[in-house]
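Counting starts at 1 for both ligands and their atoms, in listed order. The structure displayed is predicted, hence computed values, not measured ones.
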Amino acid sequence: MRKQTENSDTASWRTEVLVCPQCGDRLEAGTGDRVFTCKRCETGYELGGDGLRELKANHVYLGWWLRNRPAGPAGADDERIVSLPFWRFELAAPQEKPSAEQQARVPAEVRRQISERSRFDLSTRRVYAYLPAFRTRNLGSAFEAAAAITDTQPEYELNAGARSNGATYGSREAAKLLDAAVVYQAGKSPGLALTGFCRRRPPELIGVPFEVEGGELVEGVSGTHLPLEEIDAALLDNRPD
Ligand SMILES: [Zn+2]
């Protein structure tokens, strides 16, 4: 992919102006961000060593989210609602059945939950693994959020063009962190244990609405929550569309 190369005397990406290869509009994101979405044409891009790579970026449709929260609808302009970027990997059945050794790493109770929950049935529905695309002070919190949302498999209705501000993990980093989350949570999370057994398709970025409730950020549809103090305050400026 291309990048704008008129001031290419420096390797610093921070000072470089990135333009959308699709429509030519300027791409805007915060310092340290790895994913950019074009506000004009809604194409998503990831910044890698060789420039911009196009990717799928969507966000959870706010109207759907407000209707589907168990807590009931809130006002769409509610200032407590923020959009947090997540990587979402679609899972595919493995080429070969997991070995006895692989299966033995997952407790029998968790294996039972995988086989009994229809939401994990890869032959009849799309199943996804999620990982925060933003940093948390404590990585364990990110892994717990990954487990909570992967276990519940919300059937989000999506719109194009995720708000990508704060997406500081690139897709490769996210894939490695997802592996770590599988190891950390597979003893208790059926969704991440299943992820450990599956192949993954290239991930997409999705913006997920959360609500500030006391000292936490809560995603009401899946019940995912994160300690507010563990995330970069700049993420709280992300308003969902
Ligand atoms: Zn564009």
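- Grouping Ile, Leu, Val, Met, Phe, Trp and Tyr residues whose side-chain heavy atoms lie under 4.5 Å apart, directly or via other members, places Leu194 in a hydrophobic cluster with Leu91, Val106, Val110, Ile114, Phe120, Leu122, Val127, Phe197.
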Extract all donor-acceptor atom pairs below 3.5 Å that involve side chains of residues 56-65 and protein atoms in other chains or at least two apart in sequence.
| from | atom 1 | to | atom 2 | distance (Å) |
| --- | --- | --- | --- | --- |
| Asn58 | ND2 | Glu204 | OE1 | 3.0 |
| Trp65 | NE1 | Glu219 | OE2 | 2.7 |

Could you pull out all donor-acceptor pairs under 3.5 Å where a side-chain atom in residues 93-105 meets a protein atom, sequence neighbours excluded?
| from | atom 1 | to | atom 2 | distance (Å) |
| --- | --- | --- | --- | --- |
| Ser99 | OG | Gln102 | N | 3.1 |
| Gln102 | OE1 | Ser99 | N | 3.0 |
| Gln103 | NE2 | Pro98 | O | 3.2 |

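- Asp179 has a carboxylate O that lies under 4.0 Å from a charged side-chain N of Arg200, or vice versa, which qualifies the two as a salt bridge.
- Screening Phe86, Trp87, Tyr169 for a ring pair (Phe, Tyr, Trp, His ring centres under 6.0 Å) involving Phe134 leaves a single residue, Phe86.
- Two residues are said to be in side-chain contact when any heavy atoms from C-beta on lie closer than 4.5 Å; Asn138 and Ser141 meet this criterion.
- The distance cut-off of 2.8 Å around the Zn ion (ligand 1) captures these protein N, O or S atoms, sorted by chain and number: Cys20 SG, Cys23 SG, Cys38 SG, Cys41 SG.
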